[in-house]
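Heads up: the structure comes next, in structure tokens.
Order of appearance sets the numbers: ligands from 1, and atoms from 1 within every ligand.
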Amino acid sequence: MIVVKIGGSEGINLDLIADDIAALAKGGQQMVVVHGGSAETNRVAEALGHPPRFVTSVSGYTSRYTDRKTLEIFEMVYCGKVNKGLVERLQRRGVNAVGLSGLDGRIFEGPRKAVIKVIQNGRRMVLRDDYTGKVERVNVDLLRLLLDNGYLPLLTPPAASYDGEAINVDGDRAAAAVAKALGAEQLIILSNVPGLLRNFPDESSLIPHIPRGQVESAMDFAKDRMKKKVMGAAEALDAGVRRVVFADGRVEHPIQKALAGQGTVIE
Ligand code: ADP
């Protein structure tokens, strides 16, 4: 069993990724796919006159400020255009994909953050109308029901809060939670970079291998969005996932290359 996370940044090639998923599925590889949709969400939010806002938490992480309207736009793009676009690509290639959000059947479940503390213009502020949280539980029974009957689950945020509200969660960490819950051997995280770079954006500074004990020090190289990926990787490894690979989602056979060790391999 492998879990594949497809990023939502500019440049990721969904057609090539779908080709590779189809090739692997035909070869009998069991797989769950989790995807993002951030770049497209930003475009749609702009077009709808509700431009994205990003906030930086007091601990230094950047995230999308998700008020109710943003959440609705987020759902349109992640659960609609991106999820169904991928389901269609896979169906065209003979893979019986089922696209679901983490809200469906509470596949992703966890607490909503009651308040978020952020830094804005150098000042600490508390936001209360933010619909974000984190994934603590995964509905493994529902995923197994699909997998055991030959379907490929294609999952996306939002998650369900314990009160049943839709909440925005980090896709990489959701994928790590799925890998953990299913006891996956590998978690492949496809993005628009070749892996973790020592000097971002210099692609020749790719870090090919990080031993398990040094994941925390990798946080020194990771800037903003990459930090959550490294955090997700650490969580997955702690939970027994043998190997996490940060790999390039812009190339041919991106997953097979990652399985062969291209990218940043953490184990
Ligand atoms: P996705 O949408 O694919 O999940 P993100 O945009 O969240 O991807 O994260 C990938 C981005 O992280 C890269 O496009 C890059 O801008 C940024 N980044 C920050 N630090 C690094 C680093 N050290 N190595 C690689 N990418 C980095």
Identify the protein heavy atom lying closest to [atom], giving its residue, its atom name and the separation to 0.1 Å.
atom	value
atom 5 (P) of ligand 1	Arg225 NH2, 3.2 Å
atom 27 (C) of ligand 1	Phe200 CD1, 3.5 Å
atom 6 (O) of ligand 1	Ser9 OG, 2.8 Å
atom 3 (O) of ligand 1	Ser191 OG, 2.9 Å
atom 23 (N) of ligand 1	Leu197 O, 2.8 Å
atom 14 (O) of ligand 1	Asn192 OD1, 2.6 Å
atom 18 (N) of ligand 1	Met226 CB, 3.7 Å
atom 20 (N) of ligand 1	Lys223 N, 3.0 Å

Do any heavy atoms of [X] fall under 4.0 Å from ligand 1?
X	result
Ile12	yes
Gly36	no
Lys5	yes
Gly171	no

[X] with [Y]: basic N within carboxylate O range, under 4.0 Å:
X	Y	result
Arg93	Asp19	yes
Asp172	Lys5	yes
Glu136	Lys180	no
Arg243	Glu185	no

Query raised in the report: Looking only at atom types and distance, does a side-chain atom of Ser161 sit under 3.5 Å from a main-chain N or O of Pro111, one as donor and one as acceptor?
Result: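 Here the side-chain-to-backbone pair does not exist.
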Would you mind running through ligand 1 and noting each atom that sits below 4.0 Å from a heavy atom of [X]?
X	result
Phe221	23 (N)
Gly7	1 (P), 2 (O), 3 (O), 4 (O)
Gly195	24 (N), 25 (C)

Closest heavy-atom pair and its distance - [X], [Y]:
X	Y	answer
Pro153	Met31	CD-O, 3.8 Å
Gln262	Val245	O-CG1, 3.5 Å
Lys229	Ser191	CE-OG, 4.0 Å
Met1	Arg144	CE-NH1, 4.5 Å

Query raised in the report: Can you find an N or O of Gly8 that's nearer than 3.5 Å to an N or O of ligand 1?
Result: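 Yes, since at least one N or O of Gly8 sits under 3.5 Å from an N or O of ligand 1.
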Report task. Please confirm whether Leu196 comes within less than 3.5 Å of ligand 1 when only nitrogen or oxygen atoms on both sides are compared. Result ->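 No, there is no polar N/O contact under 3.5 Å.
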Query raised in the report: Are Ile266 and Leu206 joined in one hydrophobic group, where the rule is that I, L, V, M, F, W and Y side chains link up if heavy atoms are under 4.5 Å apart?
Result: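 Ile266 and Leu206: separate clusters.
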Requested in this report: Hey, could you give me the CZ/CG distance between Phe108 and Leu100, rounded to the nearest 0.5 Å?
Outcome: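 Reported to 0.5 Å precision, the distance equals 10.0 Å.
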Query - Structural part of Lys229 in contact with ligand 1, heavy atom criterion under 4.0 angstrom - result: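 Side chain only; the backbone of Lys229 stays clear of ligand 1.
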